[in-house]
Amino acid sequence: MSINFYNEMYDASGAVRPHYRAYADWLAATPAEKIARKRAEADIAFHRVGITFAVYGEEAGKERLIPFDIIPRIIPADEWTQLQKGLRQRVKALNAFLHDIYHEQAILKAGHIPREQVLNNAQFRPEMMGVDVAAGIYAHIAGVDLVRAGGGEFYVLEDNLRVPSGVSYMIEDRKMTMRLFPELFSRHKIAPVAHYPDMLLENLRTVAPHGVEKDPTVVLLTPGAYNSAYFEHTFLAQQMGVELVEGRDLFVKDDTVFMRTTQGPQRVDVIYRRLDDDFLDPLAFRKDSMLGVPGLLSAYRAGRVTLANAIGTGVADDKSIYPYVPDMVRFYLGEEPLLNNVPTYMLRKPDDLQYALDHLPELVVKEVHGAGGYGMLVGPASTKTQIEDFRQRILAAPEKYIAQPTLALSNCPTFVESGIAPRHLDLRPFVLSGKEIQMVPGGLTRVALREGSLVVNSSQGGGTKDTWVLED
Amino acid sequence: MLSRTADHLYWMSRYTERAENLARLLDVTYQMSLVPKPVAAENQNWRAILALNSLETAFAESYDKVNAENVLRFMVSDPNNLSSIHSCLRAARENAHAVRGTLTSETWESANATWIELREQKFEQLMTTGIGQFFEWVKLRAAVTRGVTFGTMLQDEALHFIRLGGQIERADNTARILDVKYHVLRTNGDEGTSDFYRWGALLRSLSAFEVYRKVYRDVITPARVAELLILRLDMPRSLHACTKGIVRILDSVKNDHSAETERRAGMLHARIHYARIDDILKTGTHEFLTGFMDDIFELGEGISQDFLMPVSEG
């Protein structure tokens, strides 16, 4: 592959970009021995604190560290201002779409999106038709994955509107940088991120059901200690000062949700749930779910409890709907989209399918419903056998796949075994929607630690970096 | 507080306490085994440890004979033995993990660090470097965890349930150790010089040796040992101290349906509070202690039902 990658720290001539200058000077002046010591310190600290995640398919209950790289990803203020505008616009349109889809379906009537694409989508929840959710907000927490391509322009890779995770790493990475290299914070004006839990709690309180707006009881619903993101669940619950509950801690009586406490039942008003739709209520969705709360959907539909995110948001972040997001921005907001979408081939369309099959070695092919970097083909990084193998899978069910050109993900200097080398990265800002749309500056930067790899997911060997938005 | 959270806190504390008491007991038994005596007599001491936890059958499934090494391996690092130090510390850590958000980071990190360090220690290695050092480590870690817990946690319901678990477990463990050891010592009471060491060992296994010296300033007699460990309120591991603690904690966490449990705890405490050692010895220490352990078990059940896993949804 002879693609020109955009390097976050250096420009094409090899000169340090202005916003990285102070950092590069510091790095050059810091003895390698000190850096090595600090990196070891970070490792021990992350282990001791137990900031780990469970990996599916590995030995039961095994926990791994997500590698933390000490070189930050730095974003200049003006660039962030532009990104922030684009993010607000996009999330606003996505929430408008969700409201529309579960009410009038105007966008379908106007013919912007094929009806069956939405209504036959497995993520579309007919149970939500006509349900009025608090403040009309569906995706209260959105994790929008951004990547920067060769020319320096940002693209949205996907909108995570179900249970996006990773925000705890954003906060812990910052804490770690401050602990290891406090001197950096006097050399830079770095926008803080530690107030995210406060912002989240405030956001959740603004979407409480009618009648309890004054002092709603907020809880965080987790699938339990064996979930891969359990650390984050405990972290957020603790930081917000709300109860961390499992399905078995809750019950529904007279369309009201209660939690079992040592002092008897206590009413619950807002549930920040980190549990997929399918598992929420065994009476309505998967019957075998032991993680959910029987009767929850009924209480929700009755407007007695708020779920964040709402049920059925998956229909808006599905990869088959993704290509239509720019149309949503135009349709609902009457604006031109500020953030780019990656050109996407929908393999259910014969022409697109043919094109994709002819160009597999250059494309990235993803399962429409996949997540976490599982079940995808990165053409340029795959062997002939892998490509042929994937070709058969596509032919067996083309409608399950989309294809996109392989983006030349930007890279950033990163500590690897051989020293400092460029590694590819992405950025996931967390956008909160309630009475208003808010976000903390930056987000989570994920970095693919294997040389040449474009897959940044932690389950696929990705690491994280602290993300600095510089203030003017 | 969530009932499940209280449940995890309570059991985290019970398992930590259990591991500590087990380490102390094994340590003392090991030290005693260094005093020259017939092999049969020594193995009886190890057998007593199995009896203490009703583990004879489970032990026989994996080990052919009762001797120091086998029992130590079984009770220290056998992951299949749910009563081993290994299993207790794992359970303590898992319970802490489930409620780490309720604990202070120091408390969680202490429990987690104990588990991480334990995993790195192989049994063979412990035997070569000296198992005594390992027992010291377990006691030290328990002390550290208890220290950071009481030193950093808010004195609210969470701490109450941690203390409640600790007191219930400690009451049970003291009674259990006393019962088995007392029994063994009384029935094999050959009046030799080693008697001093044996009673001394029993006291040491409950951190009561120095206390005994200080309180009685006299030779060690079975009656006084029983009095110290059952009736002395100022002895932190005595049954009296534990039951008094339980009554107090229950009073701070009580709810609408815990009256019966409170009553039982009060009764149990009163029985010990107003008991005389002569009467206990007359009825038989064994009878008294097994009765006590049954009551503690009932109390534990009551606490579970009233606070930790309420079934009713009304």
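Lettering of chains follows the sequences in order, A, B, ..., and the numbering in each one begins at 1.
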Taking side chain as everything from C-beta outward and backbone as N, CA, C, O, which of these in L2(B) sits under 4.5 Å from a heavy atom of chain A? Side chain, backbone, both or neither.
both
Looking only at non-hydrogen atoms, find the nearest pair between Q263(A) and N255(B) and report the distance.
OE1-CB, 3.7 Å
Region of V219(A) that comes under 4.5 Å of a non-hydrogen atom in chain B:
neither
Could you tell me if the side chain of H273(B) sits less than 4.5 Å from the side chain of H240(B), heavy atoms only?
yes
Heavy atom to heavy atom, less than 4.5 Å: which residues from residues 141-175 of chain B reach chain A?
E157(B), F161(B)
Toward chain A, the part of I303(B) with a non-hydrogen atom under 4.5 Å
neither
Residue E246(A) versus chain B: region with a heavy atom under 4.5 Å:
both
K287(A) NZ: over 12 foreign heavy atoms closer than 6.0 Å
yes
Ring-plane angle category for F59(B) and Y63(B), please: parallel below 30°, perpendicular beyond 60°, tilted otherwise.
parallel
Bottom line for S258(B): the part with an atom under 4.5 Å from chain A's heavy atoms is neither
Considering residues, nucleotides and ligands other than R73(B), do more than 12 of their heavy atoms fall under 6.0 Å from its CZ?
yes
Pair D27(B) + K139(B), salt bridge at N-O below 4.0 Å:
yes
T107(B) and S110(B): side chain donor to acceptor below 3.5 Å
no
Salt bridge or not between D466(A) and R174(A)? Use side-chain N to carboxylate O under 4.0 Å.
yes
Closest non-hydrogen atoms of H233(A) and P223(A), given as atom of the first, atom of the second and distance, are CE1-CD, 3.6 Å
Apply salt bridge (charged side-chain N to carboxylate O under 4.0 Å, His left out) to R237(B) and E17(B), showing your working.
CA-CA 11 Å; R237(B) 314 192 86 81; E17(B) 181 75 27; 2.7 Å; yes
Is a salt bridge present between K175(A) and D173(A), judged by a nitrogen-to-oxygen distance below 4.0 Å?
no
What are the residues of residues 260-272 of chain B, in order of number, with any heavy atom under 4.5 angstrom from a heavy atom of chain A?
none
Check for me whether the distance between the ring centres of W115(B) and H86(B) falls short of 6.0 Å.
yes
